[in-house]
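Working notes, structure below.
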Amino acid sequence: MSPRAVALGTEGPREPGRLGEPEPGAAPRGRRLLGAHHAGRCSAGPGAACRAGRGRPGLVRSGGRGAGRAMQPAIVITEQPVSVSVPVGYSFTLRCRAEARTSLQYQWFCQRQSVCCQIPGATKQDLPITAQQTQLYTCRVNDLYRNAVFSDWVKVEVHPCVARGLLPQLWQGEPVIILNPTEQKVEAGKPLLLQCAAMGVPAPSYQWYCNGNVLEHQKKKKLWITHAKVSDSGTYLCCASNSHGEHWTNAVDVHIGSCRSEKFFATGKIALLVGNNRYQHHPNLMAPVTDVFELSVLLKQLGFQVVSLLDLNKAEMVTAVSRFLQLLGKGVYAIFYYAGHGYEHLGRNYMVPIDAPQPYAPENCISVQRILQKMQQQQTALNLILLDTCRKWYNLECALSQVQPLEPWGNIVYGYATCEDAEAYELQDGEFSSGIFMKYLKKHILQEKKVTHMLEDVLEDIGRDPLVTGKQVMEIKHTLKEARSLTDPICPLGAAVERWGCGHEPPRETVTFPCGARAELRFQHLFSNVMSVCAKLQDPPAHITDAHLMLRQPTEVDDVANLEESRPDQVESLLASVCKQEEQDCIFQLCGLQKIQVDVVLQLDLHYTQLSTKKRTCESLQKILPKSLLGQFFSQRNYAQPKYQNTPAWADPKGQQASLRTGAGHSLPSSNPSNSSSEPEENDESSLSELCSALLRAGPGQDHP
């Protein structure tokens, strides 16, 4: 109906119950009813608008006669009722306010099960309600001249089953999540449905997110994707908000793809391996170097990103654990392996750093159980702790420490190299020593079976070894409720950040000496804190003969001291075995990378004889290795690939022509760590992250690239 067709009645106001009742099943928004010609039931359905315009009030002429005069609103709704989402039995009030030139009359209607009816006695501006069932409501407002307008339809959503105590005692209507979405595993091309629900007054609006990004068209309680794609994999959550605030659902993972057919899988696999060999105040060990190296090789075959570290003091061990925890996330398979001196005291296991005094106490060591508690907080799917250490306790006068219980999540496996109050042994066979535990673990770890069953095979083999009969028996403790295996496939989340495991190695480089000879440089990480720089001479030019390469540190570099004793002998043997297929002219080993505080300068010398003059000559090039590259795992930002193109290139040092100098590469120079007086006692169950922060502030070699 056109606004110019408005008929002004001369009769008095009709009864509210007879004037413009909504049609059953209809939900008119602002539907106007004008004059006697329009009395009766409205014809607009829920959300519909009359031809005169959605939500327009009744109109009257501004005065005088003449059909062309401007029309003025007869009734204006100034406050619309609002939808609510409340528990059953909750009392609240729907409000409607309007203005007009005459007095106004109100009548509330409700609709349930497609039947619209007038609410008897509901003739006031406010409608008190005690929630019983979900219904739609609207209010009709009419004046004395048979003009009428309907408010917006609003929904009163009633939740019959709400857990006691879920609502705050003094609830002000802010959103309260009552239904969280659940993890989904969906085949590509199949539909994906996520649901959530929240209570609130007004009823909350919804916004879905995936991997932190807003999903513009997902603004309802239900997220529906008709044909899911692999790119839809990720972490989803929803924000429910109203005028009182906002509340977020739990984040859930959605996996789209072939992993649907796999019973168990990991979102990632991360392993931290620590081997302590060279102790300052205790007998040295031989096997941890080989054990850590061999285990890292096997775990990489299983898809693990491995961080392997040798000879750490307490501050460095705490820092390594802190970085390790940062790499973990929901659904990850996490392995922590330690080989070195250790002990057990009243159910708590301790690892002994290389700088622990004699005798040591809990405050000088690292608690394994504390690490495991932090691993659990990352919502990992599997936590495997492998302790290749003794479990005897020698310091009887030390104070007891308290053990906090772990969460009962059913994802923990302990593999002890030996039983309680017993020692773990190693086979010392010169360069290739090995622990008894690792001797048999590496035999079975690649098996496609439940982790605990794999460890049982290791236990049985150790039990049959005559060398340790009556001395060492492996022990297994676990709460693993699912048949998870280390061979399970990896199904990463769609937008998961690439996690960084072992140190990234710079690419190979080819350098050219002034005489035209060329040499290839290779950088290889045997461990995450041990790097080897290898040099090999390419085909020399025809005018030189008897050419030899040598890698060393320049003698004029005084701020870094060589500590040959910091390099375990077994590292050289491992390096020789790794590089045996490719013969190298010279190798320079950098050990203890976590201790580096300055850039390291290496010098490559080429000694040769000129055929024309028979003169022996030496040419040199220098290379600067940035500390940020060498100590990546201990730096604050360790996830990004280093920008090698920004590192200085090889350069000719002064005095290019030099006399013949001999020497071999030695270990990376290191500095002694400072001691922090603010370290808490082991009995203090404060957060490990706080301890890490304190040690990072006090410890050496912390780089912030």
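Side-chain atoms are counted along with the backbone in the values below, which use heavy atoms only and exclude waters and symmetry mates.
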Test item: [X] and [Y] side chains (from C-beta on) under 4.5 Å apart, heavy atoms:
X: Met375; Y: Ile270; value: no
X: Leu386; Y: Leu455; value: yes
X: Leu441; Y: Met454; value: yes
X: Asp253; Y: Lys330; value: yes
X: Arg348; Y: Ser367; value: yes
X: Tyr440; Y: Met474; value: no
X: Leu302; Y: Leu446; value: yes

*Should we say atom CD of Gln301 is surrounded by more than 12 heavy atoms from elsewhere, each under 6.0 Å from it?*
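Atom CD in Gln301 is crowded, with more than 12 foreign heavy atoms closer than 6.0 Å.
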*Got more than 12 heavy atoms from elsewhere within 6.0 Å of NZ, Lys471?*
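No - once you tally the heavy atoms of other residues, nucleotides and ligands closer than 6.0 Å, there are 12 at most.
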Grab the two heavy atoms, one from [X] and one from [Y], that are nearest each other, plus how far apart they are.
X: Thr418; Y: Glu423; answer: OG1-O, 3.1 Å
X: Tyr350; Y: Cys365; answer: CB-CB, 4.0 Å
X: Thr389; Y: Gly340; answer: OG1-O, 3.0 Å
X: Ala320; Y: Leu312; answer: CB-CD1, 4.2 Å
X: Lys269; Y: Ala266; answer: CG-CB, 4.2 Å
X: Asp465; Y: Ile436; answer: OD2-CD1, 4.2 Å

*asked:* Can you tell me which residue among Val352, Leu309, Ile354 is in a side chain to side chain contact (heavy atoms under 4.5 Å, CB included) with Asn276?
replied: Ile354
_Leu273: which of Leu310, Val307, Val306 passes side chain to side chain contact (heavy atoms under 4.5 Å, CB included)_ = Val306
*Check whether any side-chain N or O of Asn284 sits under 3.5 Å from a backbone N or O of Tyr279 as a donor-acceptor pair, and report yes or no.*
yes
*Donor-acceptor contact present, side-chain His282 to main-chain Asp355, <3.5 Å*: no
*Check the pair Tyr360, His341 against ring pair (Phe, Tyr, Trp, His ring centres under 6.0 Å), reporting the backbone distance first and the verdict last.*
CA-CA 11 Å; Tyr360 46 73; His341 286 307; 7.9 Å; no
*Could you check Asn383, Asp488, Thr267, Asn411 and say which one makes a side-chain hydrogen bond (donor to acceptor under 3.5 Å, both in side chains) with Tyr333?*
Asp488
*asked:* Parallel, tilted or perpendicular: which one describes the rings of Phe336 and Phe324, with boundaries at 30° and 60°?
replied: tilted
*For the residue pair Tyr416 and Tyr414, does the interplanar ring angle fall in the parallel (under 30°), tilted (30 to 60°) or perpendicular (over 60°) class?*
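Rings of Tyr416 and Tyr414: parallel, under 30°.
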